[in-house]
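In what follows, every heavy atom counts, from backbone to side chain, and hydrogens, waters and symmetry copies are set aside.
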Amino acid sequence: MEVVPLPQHPYRLRVDPKEILTIVAIGCVMASAMIPALSIDMAAVIALAMIVAGGVIEPGVAALGFGNPVVLTVAGMFIVAEALHRTGAVEGLADLVQKRAASGQRALLLALLPTVMILSGVMNNTGVVVLLLPALVDVAQRIKVSPSRLLLPLSYASIAGGTLTLVGTTTTLLVDGLVRDHQRTEGLEVTGLGFLDILPMGAIFCVATLAYLVVVGPKLLPNRVGMVTAITPGTIREYMTEVVLSPRSRLVGQSLDTVRSLIEGIRVLQIVRGEERLPPPFHKVTLQAEDTLIVKGKPDELIDILSQRGVLHALESERKSKISGVDLALAEVMVPPRSTLDGMTVHEAHLRERFGIVVLAVLRRGAHLREKLASVRLAVGDVLLVQGDAEDVERLSREEDDLIRLGGTPPEAPNRSRAPIAIAVAFTSLAAAAVLNFPLWTAVMMASVILVVSGCLNSAQAYRSINLRIVVILGCMLGLGMAVKKTGLADDIATALVGWAGDAGPRAVLAMIYVATVIITELVTNAATAGIMVPIAISTADKLEVSGDPFIFAVALAASCSFLTPVGYQTNLLVYGPGGYRLQDYLRLGAPLSILLWILAIVFLPIVFPFYPA
């Protein structure tokens, strides 16, 4: 009997060991979203090392990603944005916020958001959010509006504004680099993306986002007490911290019942005695010297107990000294991007020695961290409740590198007289790239040098402004993108997409590419998503025998517009704590916006970038 072989499905993926290794490397990058100890930059390095060790690409080819002009452009844009910030060139935004505060929430958003979008199109949008965050928190407190009504629109507007130009986000720059690599390897003319090619779609996205945030946003935004509230006796929010009883404390030798008047309003959550955690209830427990109490209360109540003789904060107890002063104050500060404190424990940060303050509590993504304060490892976006002498706390308003004081106006720019120079240099460099077709990386690097030489910032500030994590991610993802293309994985996935779409046509495949990019972006960073999806988009267009432009720009737009989670984009993470947001807030406000922009992309991308150009 003759055996007739079954026909192979035309769209079945055929993978070889190198494809499997590349898939595992991509999985490693995505795993960083679920493993807190594995940062996205380290995951990208591991992924690149895997594909090099497995022989997927040569070591020299993998290293080309770090020599790509895109990496130099991104580094230079960080320096340009830092110069604009340090010279006060964009502080007019903070003044605008203060002036519009009395006109109501919608009027404030209508005046603020378009300006945020335009600025985000030409400078780092994270810098724009960091600049405005303290001012908006202060405005919210003064007009008695929850910060949650203002901060998420700020983040979303900055994200949408990043789609206006090639330099608006690192995502579009990475897409440009991947496209250039493809053109180079295929022997095509290397043109990449033009400086303003994305502008028509970016303008559509910005107008739609603005209308949505002003008209629909107020109906969907929560109205709750955020992490950031005015530190006054009337503050509603409670904080959790640790205090240690020294032998001199009046609480020693007494039960909680008998000392209730001394700790009025304070709730004792736990008592730690040596290595033992005493079980509740605590009201009959006799307190002893060196007991550690985990307590919770309002800021003024915490001040009361910490001002008592013999009651030390846990960090003060370790140093055997107490912050003293006739005018103690509390403040809330946030760890900003590029802070040297990122990754340090509270103990390693030495905040007492550097700033004269002690950390009373750490809040991260809506929750108090319950681990021992000294061992808490700080991360970008953490909100710290700190105590110190009033002068030291006030001095935090002028500290803008490692900590940002939330509430109050931004610190005065030290080089305000250099603002015209910074603006002129930044505008000239971008205009040279946009109008004269001057190489973007050359224009930006020249601008960086001029800004340092002219005194807009010094060389130390310039180097420090470069986010090395972003640089590492970009270099690694450029290498991973080469692997996705070289192994044929991109072609196999493109074949499957075309097969699933059937006779629906290129617009249906474009819709699938956009949705897939949005989903992956919410799991990992937008740069990592672009590195994975651009080769697939290009291969899909080749399979369909249509222009690759609509697919490439679909990836650029979808990867740049992360609205569904706080971790998809750094600006979303920065407003998470100060706004008191929860994950469902991002979904409630971001899901309709994401669907709206998806529809607009599918309608207008083939018009702006035709499938079959003349």
Side-chain angles (χ1 to χ4, degrees), residues 48 57-58 60-77 163 165-202 429-447 471 473-488 490-491 494 513 527 529-557 559-560 605 608-614:
L48 186 63
I57 56 177
E58 298 295 325
V61 175
L64 289 176
F66 292 93
N68 194 293
V70 169
V71 176
L72 296 175
T73 302
V74 170
M77 287 304 301
T163 65
T165 69
L166 180 62
V167 299
T169 69
T170 55
T171 308
T172 48
L173 286 169
L174 177 58
V175 170
D176 175 57
L178 290 165
V179 169
R180 289 176 183 272
D181 285 344
H182 168 75
Q183 293 170 335
R184 194 175 295 111
T185 56
E186 295 296 321
L188 304 173
E189 181 183 2
V190 180
T191 57
L193 308 184
F195 187 85
L196 297 176
D197 284 354
I198 200 172
L199 177 60
M201 288 305 305
S429 64
L430 297 180
V435 179
L436 303 179
N437 203 27
F438 200 69
L440 180 58
W441 72 272
T442 307
V444 170
M445 294 307 292
M446 288 178 63
V471 171
I473 292 170
L474 287 176
C476 291
M477 294 314 299
L478 283 164
L480 189 57
M482 296 177 196
V484 172
K485 179 69 177 176
K486 182 178 178 181
T487 59
D491 287 337
I513 289 283
T529 303
I532 297 168
M533 292 301 299
V534 167
I536 295 172
I538 293 173
S539 294
T540 300
D542 290 342
K543 297 289 182 184
L544 292 169
E545 297 183 347
V546 297
S547 170
D549 287 348
F551 295 90
I552 291 167
F553 282 99
V555 171
L557 291 167
S560 298
L605 271 171
V608 178
F609 306 103
F611 289 123
Y612 305 100

Chi angles and distances behind the side-chain contact (heavy atoms from CB on, under 4.5 Å) call for L64, M482 = CA-CA 10 Å; L64 289 176; M482 296 177 196; 4.2 Å; yes
Trace of the side-chain contact (heavy atoms from CB on, under 4.5 Å) decision for L173 with L474
CA-CA 9 Å; L173 286 169; L474 287 176; over 6 Å; no
- Under the side-chain contact (heavy atoms from CB on, under 4.5 Å) rule, what do L178 and L478 come out as? Steps first, then yes or no, please. CA-CA 7 Å; L178 290 165; L478 283 164; 3.7 Å; yes
Given I538 and I552, is the side-chain contact (heavy atoms from CB on, under 4.5 Å) satisfied, shown in steps?
CA-CA 7 Å; I538 293 173; I552 291 167; 4.1 Å; yes
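Remark: of the listed residues I473, T170, V444, T170 is the sole one forming a side-chain contact (heavy atoms from CB on, under 4.5 Å) with V74.
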Taking only distance into account, with no hydrogens and no angle test, what donor-acceptor pairs under 3.5 Å do side-chain atoms of residues 186-201 form with protein atoms, sequence neighbours excluded?
residue, atom, partner, partner atom, Å
T191, OG1, Q183, NE2, 3.2
D197, OD2, G194, N, 2.6

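We find the CH2-CE distance between W441 and M77 to be 15.5 Å, quoted to the nearest 0.5 Å. For the atom pair I536 CD1 and K485 NZ, the distance stands at 10.5 Å (nearest 0.5 Å). Rounding to the nearest 0.5 angstrom, the gap separating the CD1 atom in I532 from the CE atom in M477 is 4.5 Å.
For the pair G548 and A541, the tightest heavy-atom approach, listed with the atom from each and the gap, is CA-CB, 3.5 Å. S539 and A490 get closest at one heavy-atom pair: OG-CB, 3.5 Å. Counting all heavy atoms, side chain and backbone alike, G65 lies closest to V71 at O-CG2, 3.3 Å. Annotation for A530 and P535: closest pair O-CD, 4.2 Å, computed over non-hydrogen atoms. The two residues A527 and L174 come nearest to each other via the heavy atoms O-CD2, 3.0 Å. Taking each heavy atom of L48 and G479 in turn, the nearest pair found is CD1-CA, 4.0 Å.
Residues I513 and V555 form a side-chain contact, since some pair of their non-hydrogen atoms from C-beta on lies under 4.5 Å apart. A heavy-atom distance below 4.5 Å is not found between the side chains of L440 and P69. Side-chain contact check for L605 versus L557: some heavy-atom pair is nearer than 4.5 Å. Here the side chains of F551 and L544 are in contact, with some heavy-atom distance below 4.5 Å.
Below 30°, between 30° and 60°, or above 60°: for F609 and F553 the angle between ring planes is below 30°, a parallel geometry.
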